[in-house]
Colleague: 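There's a structure below that I have some questions on.
So you know, we letter chains A, B, ... as the sequences are listed, proteins then strands, and number each from 1.
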2 protein chains.
Amino acid sequence: MKLEVISKSENKEVQNFIISQIRDLINYKNLEPGDKLPSERSLSDKFSVSRSNVREAIQKLEFYGLLKSIPQSGTFVANIGVIAMNGMIDDILRLEKPDFKALVETRILLELKTARLAALRRTDEDLKQMREALEAYSEKVLNGKDAVQEDLLFHLAIAKASGNSSLNTLMLMITPEIITNFEKHHVCDKGMARSGIQEHQDIFNAIKNQNPVEAKEKVKVHFKMLYQYCYNIE
Amino acid sequence: MKLEVISKSENKEVQNFIISQIRDLINYKNLEPGDKLPSERSLSDKFSVSRSNVREAIQKLEFYGLLKSIPQSGTFVANIGVIAMNGMIDDILRLEKPDFKALVETRILLELKTARLAALRRTDEDLKQMREALEAYSEKVLNGKDAVQEDLLFHLAIAKASGNSSLNTLMLMITPEIITNFEKHHVCDKGMARSGIQEHQDIFNAIKNQNPVEAKEKVKVHFKMLYQYCYNIE
DNA sequence: AAATTAAATCTGGTTAACCAAATCAAATAG
DNA sequence: CTATTTGATTTGGTTAACCAGATTTAATTT
């Protein structure tokens, strides 16, 4: 018990501590899927932390599908065995903050897929939203203005057109981190944005013409510079 | 204001209501990156909801990188313009719960990539963990036992070996949903698990031999049945 | 003794009071 | 008039009291 070392502001540390304690509890008590965890109050008492800290930790494990809270009843181990539970909790505890390179790598992967799927599945409504985003982007760039936001919205429109809400969510989650890093590293220069108009137009046309191969190819072209950059930094 | 329609348990509705209100506020007041939002108390007062509801909504927007809370100071608009803010908030509000088909589609995409990267980057320690997971899986299957968990841990070990923490996180997030759906739809039958041993071994060997092309190919084989299933249901 | 009911207790969720740091305003010193 | 200090206020975060529903226990009735 090294809790006294942890300062108040280091919330993450407390949460990880509680999560590891819950893992140990599940192991020691051989809790199986469907079994009930001790109440939040008794846990906060046992671990010598506040109940709200316990709640946050439980909510995080609930987000990853490992626990399930039922009001006025209790918190239950999800339909997942003790082995997988251990493996996943260890992974969750080990999760580092992704670096920029990893983010870009993931983004390109997702974009290649969403563009291909969008070419196969886009509706007319999807197409309309993509066109609007594209026009807004072009206008900004041609007027010499910053167009990072419009660029982003175009790509999110593609993700939406992919018809895969799971992919759409993942794109949404990594997008903000991408933006802040773009601005920090000054990735998007003026020249890039100008050539970007044609590249966006090419992607749009491929999706409009329902040509998945070309859509993927054009996205690859669009990210080529970025790819090189990504593998050069740090 | 249609709040009286919303029952207490429909927390999601309340949260989405608050999020849309915050979006309107940002638009109406022309809040730009770095600007401060009204305090949680005044927001809860203005929207006629509890402060904890406001906090949850803010935390969700913080998760997507749109807001940033600073203790004893305030909540601030992230380094993202009003246009992108609107687009992303609309996307967040529209996000449906992903269907199983979308999940499997995403999983295969991620697995193909992580296997390829793992072949390129795996360390000896990664290899060791993968081998342990593989052996645990084989033993269970050969003894005629259920091995869903061990299967999962093998794939998570690959994700870890990819050296991309971003991809690793995404895999972790979609995994629990996959498992529950697998069990619900009875995807993994006994016969499948038996042939799975060789398939896992092939993937492992490709990664061990640092052959990214073969690794990707073997994963594709492994998911072939699943792919067909995925495109047949519902 | 079994079935039913009623009361007491536990549960996660919610609300409100409290905290300490940060901010702002005014007063004071130079 | 400027710079500094001091005190009051505002902030997000934390804690504790409270709530309603679920669960368990005990009492009552048949």
Colleague: Tabulate protein N/O versus nucleotide N/O from nucleotides 15-19 of chain C, keeping only pairs under 3.5 Å, one per line.
Modeller:
| from | atom 1 | to | atom 2 | distance (Å) |
| --- | --- | --- | --- | --- |
| dT15(C) | OP2 | Ser50(B) | OG | 2.9 |
| dC18(C) | N4 | Arg41(B) | NH2 | 3.2 |

Colleague: Distance only, no hydrogens: is a donor on one side chain within 3.5 Å (strictly under) of an acceptor on the other, for Asn86(B) and Asn27(B)?
Modeller: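 Yes, side-chain donor-acceptor contact under 3.5 Å.
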Colleague: Rounding to an integer number of Å, can you tell me how far Ile70(A) CD1 sits from dG13(C) C1'?
Modeller: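 Ile70(A) atom CD1 is separated from dG13(C) atom C1' by 14 Å.
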Colleague: To the nearest 0.5 Å, how far apart are CG in Leu66(A) and CD1 in Ile80(A)?
Modeller: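 Reported value, rounded in 0.5 Å steps: 5.5 Å.
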Colleague: Could you check how far CD of Glu56(A) sits from C1' of dG13(C), rounded to whole Å?
Modeller: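 After rounding, the reported distance stands at 15 Å.
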Colleague: Take the protein atom CG of Leu67(B) and the nucleotide atom P of dG13(D), then report the distance between them rounded to whole Å.
Modeller: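 So the two atoms are 12 Å apart, to the nearest Å.
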Colleague: Go through dG12(C), dT11(D), dA22(C) for me and flag the one nearest to the Ser39(B) side chain.
Modeller: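 Closest of the options to the side chain of Ser39(B): dT11(D).
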Colleague: Under 4.0 Å: is that the gap between some side-chain N or O of Ser73(B) and OP1 or OP2 of dT10(D)?
Modeller: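 No, Ser73(B) has no side-chain N/O under 4.0 Å of OP1/OP2 on dT10(D).
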Colleague: Under the salt bridge (Lys or Arg N to Asp or Glu O under 4.0 Å) rule, collect the residues that match up with Asp126(A), sequence neighbours excluded.
Modeller: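 Asp126(A) satisfies salt bridge (Lys or Arg N to Asp or Glu O under 4.0 Å) with no other residue.
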Colleague: Taking all atoms of both residues into account, what is the closest heavy-atom pair of Glu40(B) and Ile58(B), and its distance?
Modeller: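 The answer is CG-CD1, 4.0 Å.
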Colleague: Map Ser69(B) and Pro71(A) onto DNA chain D by nearest heavy atom, then report which one ends up closer to the 5' terminus.
Modeller: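 The residue closer to the strand's 5' end, by nearest nucleotide, is Ser69(B).
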Colleague: Under 4.5 Å between any side-chain heavy atoms of Ile92(A) and Leu61(A), yes or no?
Modeller: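 Sidechains of Leu61(A) and Ile92(A): in contact.
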Colleague: To the nearest 0.5 Å, what is the distance between CG (Leu134(B)) and CG (Asp151(B))?
Modeller: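 Answer for the CG-CG pair, Leu134(B) versus Asp151(B), is 10.5 Å.
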